[in-house]
Amino acid sequence: MSKIKFDCLTLFPEMFDSLKQSIIGRAIEKENIELNLINIRDFSKDKHKKVDDTPYGGGAGMVMKADVVYDAFKSIDQQNAKVIYMSPQGKPLNQKKVEELSKYEHLIILCGHYEGIDQRVIDKIVDEEISIGDYVLTGGEIPAMVLIDSVSRYTEGVINKESIEEESFTNGLLEYPQYTRPEVFEGKRVPDVLLSGNHQNIAKWRKEEALRITKIKRPDLLK
Ligand code: 4G1
């Protein structure tokens, strides 16, 4: 539950504008989270601001140039930082990994685009590769935003400690169903137990529901 600094290396810093909304935006304003966006293009030495080139060996698409990415990386103060490359080859991001990353004070996140980044600079600077899932994307920016959003929840002032401890996912389960007013919607009543005021019964019901729903919808989470 401490402060965290994210330095994000990207060709599309504007994509991160949406993160500055909502809860994460408020935490940035309150200085509990620092988010620096480094535009890799600013480090192109080329007169046309070229950041990519055709792949050696041929094939479709473009590859981000090692020297430009490396110069962008070197512009960051790397003290006590962990360097993460958002990549389909990475370890899957799950709540356990999120909690682990929230212990760091400084994360440097590298986002690829096009066909990816020259392997030599990845080998030189990256500590860990992380993936948000098995599908094809146009870039690592949305994965980086997923990581920043999920990790930021663990920092001071984003949400309270109780909400983190109470949430089912932290004990490996899905969430129990939620209800709010009205008491009757289209003929469907809110479960009686939730109106009973008996907090022991409510807690028991929620635990059973979380388990029942996990068994039905995501049995893999129980293994
Ligand atoms: C081969 C998905 C390629 C994609 C196989 C999840 C995906 C970063 C992620 C790709 C990316 C599969 C991620 C693919 C991602 C270079 C720039 C890589 C975009 C790039 C399953 C394209 N989690 N994808 N390649 O999507 O960066 O973090």
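Scope of the values below: all heavy atoms of this structure, side chains included, with no hydrogens, waters or symmetry mates. Quick note: residue numbers are just sequence positions, from 1. Whatever order the structure lists ligands and atoms in, that order sets their numbers, starting from 1.
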To the nearest 0.5 angstrom, please state how far the CH2 atom of Trp205 sits from the OH atom of Tyr176. 9.0 Å
Shortest protein heavy-atom distance from atom 6 (C) of ligand 1, along with the residue and atom involved: Gly133 O, 3.3 Å
Right, does atom 2 (C) of ligand 1 have protein non-hydrogen atoms nearer than 4.0 Å? yes
For the residue pair His113 and Phe12, does the interplanar ring angle fall in the parallel (under 30°), tilted (30 to 60°) or perpendicular (over 60°) class? tilted
Are any of the N/O atoms in Ile132 less than 3.5 Å from those in ligand 1? yes
With heavy-atom distances below 4.0 Å as the criterion, list the atoms of ligand 1 near Gly116. 16 (C)
What I want to know is whether Thr138 and ligand 1 share at least one N or O pair that is separated by under 3.5 angstrom. no
Is there a path of hydrophobic side-chain contacts, each under 4.5 Å between heavy atoms, that joins Val193 and Leu211? no
Could you name the option among Pro88, Ala144, Cys111, Pro143 that has the heavy atom nearest to atom 14 (C) of ligand 1? Pro88
Is it true that a side-chain atom of Lys65 and a backbone atom of Asp67 form a donor plus acceptor pair closer than 3.5 Å? no
Output yes when a side-chain donor or acceptor of Ser150 lies under 3.5 Å from a complementary backbone atom of Leu147, and no otherwise. yes
Should you measure from each heavy atom of Gly112, which atoms of ligand 1 turn up under 4.0 Å away? 17 (C)
Geometry only, no angles: is Leu137 polar-contacting ligand 1 at N/O separations under 3.5 Å? yes
Once you restrict to heavy atoms under 4.0 Å, what part of Ile130 touches ligand 1? Side chain, backbone, both or neither. backbone
Of all the heavy-atom pairs spanning Glu141 and Cys111, show the shortest one and how long it is. OE2-CB, 3.6 Å
Student check: side-chain heavy atoms of Lys207 and Leu173 closer than 4.5 Å: no
side-chain contact (heavy atoms from CB on, under 4.5 Å) test vs Tyr85 passes for just one of Ile130, Ile125, Val121, Ile117, namely Ile117
Options Tyr135, Tyr85, Tyr114, ranked by nearest heavy atom to atom 4 (C) of ligand 1, top entry: Tyr135
Using a 4.0 Å cut-off to any heavy atom of Gly140, which atoms of ligand 1 qualify? 27 (O)
